[in-house]
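One structure is given here, and the rest of the page talks about it.
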Amino acid sequence: MVQRDLDGFFESYLEKDPLFLNKKIIQSNYTPEEIPHRDKEIDSVASILAPALRLDRPSNIFIYGKTGTGKTLTVKYVLTRLGTLCEKKSINVKFVYINCKLKRVADTEYRLIAQIIRELGSDVPATGLPTDEVYKLFFDMLPSKTQLLILVLDEIDQLVGKAGDEILYNLTRINSDLHNCQISLIGISNDLVFSNNLDPRVKSSLSEEELVFPPYNAVQLQDILRHRSTLAFRENSIEDGVIEKCAAYAAREHGDARRALELLRVSGELAERQNSNKIKMKHLDMAEEKIERDRLVDIISTQPKQHQVVLYSIIKLYIDSKSKSIFTGDAYEYYKTVVKKVHLRPLTQRRFSDIVAELDMLGIICARVVSKGRYGRTKEIGIDIPEQNLKDIEKLLEDIFS
DNA sequence: CGAGATTCATGTGAAGTATACCTTTAGGCTTAA
DNA sequence: AAGCCTAAAGGTATACTTCACATGAATCTCGTA
């Protein structure tokens, strides 16, 4: 019986008109043919990078803008265009794109350089080598491979926050050490005031050119959504008003186009799953919740064990006590009991405090130091997880431990 | 009553330690001449 | 003698611990009105 149902299910799935024509187009890593409302920015980036075609070193660029304003997209777009042209004319230019946010990939000096080398096609061990040895490896392989390297460091603020700005200084200085090879840096940052606490030397050499990407407004967001949705979805598969609402959601969150597109995509997936032939408003609402939940699940499940235990302790304490905030001392006491149950070695309170700070950075919890006068000084820990997802997350963590 | 000292509970920086992993080197074994 | 493998030695980055000092407002203390 089950079998027959399944066959029927698959058959009706095939017969059904799919909502998506081409899902790839609306996924976040897709680079579209056209980027609406970013002409000026594309022109700027292109004209700054153009000297690369004559193997002159382009100026370093520093790009600011909130998330989802098309920074990464614009840079990647210009670079692929430039890249294909270079290939056609066999100009020896290489591009390396690195996202510094990725934990355990490019969040320290060593890992960043190692990752660059990997992108260029060699292999480096994850640990064990002296950092200057890795630099040396990098230097040695550069001239043989290429004459000009354009290095894109996305979310550069994360890197500097964790590893300091010495790396950038070293990178900008490389040019004076190399004769037949040059490097241009493109730094991309979400943090608008980030460069203020950089070493002045680094700052000046990194921001030879500066670009600011303004947020999209609601009308532009609608444009983008329409443009992509006509390519991605079957005709007439979106109910009136959905796109407008989608744009409005995202415009409220500082004009984040990525978020708007994701909202639309997930709505589509939900609608399809429900056998609906149109994307309706209710799907949009469901999508918003699902995105948030997926984001959390994604972040949390990739955390190291100890971090998960710390988070679990905080959540558990939060649910049990029903009080709005928790203090480090209580959380740590509770953590010690939990850690025993899952057979892990308990960490010190010092480390615990650091992990709390890291979780805070991830936006899962919010911690701020408060002084309670006579009764000492502590961190007040709150939780940034929407109430309706809290139980799910708690369960997720319990599953991980068992 | 108010200014200044005290106090608490933890934040936080610096330095040290453990672990996991890397390369180099030396010794032992095998192999081919 | 040359070539290859293995184990030990020596070195590193990273996550964590230890130590020691910093913080900052509620509370206490004490001089003054």
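Keep in mind that what you see is a predicted model, and the values were worked out from it rather than measured. Note on naming: letters A, B, ... go to the chains in the order of the sequence lines (proteins, then strands), and numbering restarts at 1 for each one.
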pair Cys246(A)-Leu284(A): side-chain heavy atoms closer than 4.5 Å: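 SC-SC contact between Cys246(A) and Leu284(A) confirmed.
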Residue pair Leu221(A) / Asn217(A), side-chain heavy-atom distance below 4.5 Å: no
If the cut-off is 4.0 Å, is Lys379(A) near the phosphate of dT12(B), judged by side-chain N/O to OP1 or OP2?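 For dT12(B), OP1 or OP2 has a side-chain N or O of Lys379(A) closer than 4.0 Å.
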For a quick test of reading the model: is some side-chain N or O of Thr378(A) closer than 4.0 Å to OP1 or OP2 of dA9(B)? no
Over 12 foreign heavy atoms within 6.0 Å of CG, Asp240(A): no
Around Gln388(A), counting heavy atoms of other residues, nucleotides and ligands shown, do more than 12 lie under 6.0 Å from its CD? yes
Any N or O donor-acceptor pair linking the side chain of Arg377(A) to the base of dT23(C) at under 3.5 Å? yes
Using only heavy-atom distances, decide whether a donor-acceptor pair under 3.5 angstrom links the side-chain of Arg368(A) to the base of dG11(B). no
Give the rounded distance in Å between these two atoms: [atom1] of [X] and [atom2] of [N].
X	N	atom1	atom2	value
Tyr110(A)	dT12(C)	OH	P	12 Å
Phe352(A)	dA15(C)	CZ	C1'	17 Å
Arg374(A)	dT7(B)	CZ	C1'	5 Å
Lys136(A)	dC22(B)	NZ	C1'	15 Å
Tyr375(A)	dG11(B)	OH	P	19 Å
Leu112(A)	dA13(C)	CG	P	15 Å
Glu380(A)	dT10(B)	CD	P	13 Å
Tyr332(A)	dC16(C)	OH	C1'	12 Å

Nearest-nucleotide wise, let me know which of Ser353(A) and Gly373(A) is further upstream toward the 5' end of DNA chain B. Gly373(A)
Between Ser371(A) and Arg351(A), which residue's closest nucleotide on DNA chain C lies nearer the 5′ terminus? Arg351(A)
Compare the minimum distances between each of [options] and the side chain of [X], then state the nucleotide with the smallest one.
X	options	value
Gln349(A)	dC19(C), dC16(C), dG11(B)	dG11(B)
Val369(A)	dC8(B), dT18(C), dG11(B)	dG11(B)
Arg111(A)	dT27(C), dT14(C), dT18(C)	dT14(C)

Does the ring centre of Phe213(A) sit less than 6.0 Å away from the ring centre of Tyr64(A)?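 Judged by ring-centre distance (under 6.0 Å), Tyr64(A) and Phe213(A) do not meet the cut-off.
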